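The structure appears right after this line, and notes come after that.
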Amino acid sequence: MRIKEHPILNFDRRKEIYFYYNGKKIKAYEGETIASALHAEKVKVLSRSIKLKRPRGFFCGIGKCSSCLMKVNGIPNVRTCITLVREGMVVEDNDMELSEKDYPECKFEKIECEIAIVGGGPAGLSAGIEASEFADVLVIDENHCLGGQLIKQTHKFFGSKEEKAGIRGIEIAKELEKEAVKNCRVLLNTSIIGYYDRGYHFLVGVNKIERVVYEIKANKIIFTTGAQENMLVFEGNDLPGVYGAGGVQTLMNVYGIKPGNKGLIVGAGNVGLILAYQLLQAGVDVACIVEAMPRIGGYFVHSAKIRRCGIPIYTSHSIKKAYGNGKVEGAVIVELDENWSIIDGSEKKISCDFICLAVGLTPSTRLVTQTGAEISFINEAGGWVALHNEYMETTKKGIYVAGDSANIEEASTAMIEGKIAGLHAVNSLKGVSDFKIKIEKYLKKINAFRQGFFGSRPKKAKEKIIEEYYEKMGKGRNS
Ligand SMILES: Cc1cc2nc3c(=O)[nH]c(=O)nc-3n(C[C@H](O)[C@H](O)[C@H](O)COP(=O)(O)OP(=O)(O)OC[C@H]3O[C@@H](n4cnc5c(N)ncnc54)[C@H](O)[C@@H]3O)c2cc1C
């Protein structure tokens, strides 16, 4: 399952190591996560559903779903998709019932900083770069590396040159990381699990493998926790081998591991189209892409490339069923009429051993919700988001959001929003010379990004978020 040759990526398989999975010795390479190393050895069932014990496989690959939870070195519920494998590690199926002995002793560490940033993706790193010019900044990420979703984007980005258009996502991640680590403190492998208002902002972070609980006191917090992939309702959607599109990108482009031999993609937006091409680059066949809308949602340049490669894109089609014995062995697709109802007799069997869902993202707002900031369901933003003003500050003073967690958009806008949040937070803390000029420049830039056909949805989302923010705060936008 490990990819040996790739036109863009060179997989740096470091030292060969061994770990134990339910007592069996498994080969891995340093730098692989537990779940990806198991995948490479064809272990696709990572957990079981609590009630019916149905098998669960790799889905999101970024620690946001629960399908990869396993017991590691005696610690239950470890998210194996973001935990690096280590020599001699003992990995077991998760116990369904936990007892006191499952909660080992932990060390407690206190950290103080002026600005804490939760999430080291493009939004968080840009916020950190901006704010660290004037303040003491701590960036926390639960993954083992910085970069967020950029670490798996092998394609060249669109947008403006200043926001790194024409550069591959993986290179942008490296540039941002290099810049951020110069001036920010960074805490990796640490999930922020709680927020408390103690008269100051207080976060609780956990590094399960090192058994450390961090107590973090900050003057301002910027939440840049990204988004999670949407699930789709169909028979067999929980079979191992049904992945989120981003999960497959993580497996292939970060760890160099194939998800299977032949895939079916659901969703012909940019993510589905780009993924199809990346699967071909990894030497994996794509049976077809199905899209429920009567037209392709992604950019023409991507769909044209996919068609040239001979991959059929069926619009007004969806998936009805995934079937297989304990893993995906095929799918049934159907044609939809103008009311999105299944057309009788249109069922078609597709032979495939994995299915990728590229059906949108939902902002990750669980943490910011704990702060008491007002949350609202904004359809155009992708779901529940924290209301915020144009400077990215929420209704809770000193709490900011930016990037996909504040509205599903793009890395380019996530970076600008991060800069706005970082600059505003630091200015309200200690004052920044030329603040007005600097912030106006960023606001102008982000508005320019939201022009045109593809910018209309995020523009509408932001207008609603900002309008509701001022309504809740009981003041006009310019007051
Ligand atoms: C297939 C695909 C193609 C794309 N192509 C483009 C493109 O061409 N151009 C473009 O501009 N954009 C593109 N994007 C979108 C872009 O990747 C995202 O918009 C961008 O990464 C969002 O940045 P972010 O910083 O908000 O979130 P993310 O990049 O998701 O980063 C969030 C970070 O927060 C961390 N985190 C989350 N919760 C916690 C917690 N509780 N504790 C600690 N850490 C936490 C995560 O580990 C992660 O590192 C693409 C996306 C996909 C999936």
Side-chain angles (χ1 to χ4, degrees), residues 60-64 79 81-82 116-128 138-160 163-170 172-173 176-177 186-195 203-207 214 216 222-229 244-250 252-253 265 267 269-278 298-299 301-302 356 358 360-361 363-368 370 382 401-418 421 449 454 458:
C60 78
I62 52 168
K64 304 244 179 180
R79 286 179 284 179
C81 72
I82 52 170
I117 299 173
V118 185
L125 292 178
S126 302
L138 174 72
V139 179
I140 309 132
D141 201 294
E142 59 189 358
N143 212 337
H144 57 85
C145 60
L146 291 169
Q149 307 321 305
L150 295 178
I151 61 168
K152 58 195 178 200
Q153 308 304 345
T154 50
H155 61 288
K156 292 182 181 167
F157 273 35
F158 294 119
S160 82
E163 259 50 61
K164 309 189 189 293
I167 307 180
R168 297 185 197 282
I170 44 175
I172 304 176
L176 289 175
E177 179 185 15
V186 175
L187 198 55
L188 293 175
N189 304 303
T190 303
S191 298
I192 297 298
I193 57 164
Y195 166 89
L203 293 169
V204 176
V206 177
N207 179 329
Y214 293 99
I216 302 164
I222 306 174
F223 288 100
T224 51
T225 45
Q228 59 219 46
E229 290 193 275
V248 166
Q249 284 195 314
T250 303
M252 267 186 332
N253 300 345
I265 298 175
N270 278 326
V271 173
L273 297 172
I274 289 169
L275 175 66
Y277 192 67
Q278 292 179 349
Y299 295 147
V301 59
H302 294 316
C356 305
L361 299 159
S364 293
T365 46
R366 276 175 288 193
L367 260 176
V368 73
Q370 292 186 29
V401 285
D404 277 1
S405 68
N407 177 20
I408 302 300
E409 221 171 332
E410 298 208 323
S412 358
T413 42
M415 288 187 268
I416 308 173
E417 282 195 346
F449 261 103
F454 285 100

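Whatever order the structure lists ligands and atoms in, that order sets their numbers, starting from 1. Throughout, residue positions are numbered sequentially from 1 according to the sequence presented. As the structure is a computational prediction, the values presented were derived from the model and not from experiment.
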Below 3.5 angstrom, do we get any N/O pair linking I192 and ligand 1?
yes

Look only at interatomic distance and state if K156 has a nitrogen or oxygen under 3.5 Å from any nitrogen or oxygen of ligand 1.
no

Closest heavy-atom contact between I216 and I192?
CD1-CD1, 4.0 Å

Is Q153 in polar range of ligand 1, meaning some N or O pair under 3.5 Å apart?
no

Have a look at I62 and tell me which of K152, E229, Q228 forms a side-chain contact (heavy atoms from CB on, under 4.5 Å) with it.
K152

Should the proximity of A123 to ligand 1, defined as any heavy atom under 4.0 Å, be assigned to the side chain, the backbone, both, or neither?
both

Applying a 4.0 Å heavy-atom criterion (strictly less than), which segment of T190 is in contact with ligand 1: side chain, backbone, both, or neither?
backbone

Looking only at distance, does Q249 have an N or O less than 3.5 Å from an N or O of ligand 1?
no

Any nitrogen or oxygen of A411, side chain or backbone, less than 3.5 Å from one on ligand 1?
yes

Is P122 in contact with ligand 1, taking contact as a heavy-atom separation below 4.0 Å?
yes

Location of contacts on T225 toward ligand 1, heavy atoms closer than 4.0 Å
both

Heavy-atom pairs closer than 4.0 Å: do any link ligand 1 to the side chain of K64, the backbone, both, or neither?
side chain

If we only consider heavy atoms of L275, is any one of them less than 4.0 Å away from an atom in ligand 1?
no

Rounded to the nearest 0.5 angstrom, the OG1-CG distance for T413 and D404 is 7.5 Å

Looking only at heavy atoms, is any part of L367 under 4.0 Å from ligand 1, and if so is it the side chain, the backbone, or both, or is it neither?
side chain

Going by distance only, is there an N or O of S405 that falls short of 3.5 Å from an N or O of ligand 1?
no

Heavy-atom pair with the smallest gap, counting every atom of G120 and D141:
N-OD2, 2.7 Å

Side chains of T224 and E417 in contact at under 4.5 Å (non-hydrogen atoms)
no

For H155 and ligand 1, does the shortest N/O to N/O distance drop below 3.5 Å?
yes

So, 4.0 Å and heavy atoms of S364: is ligand 1 close enough to count as a contact?
no

Any non-hydrogen atom of T224 lying under 4.0 Å from ligand 1?
yes

Do M415 and L176 make a side-chain contact, defined as non-hydrogen atoms from C-beta onward lying under 4.5 Å apart?
yes

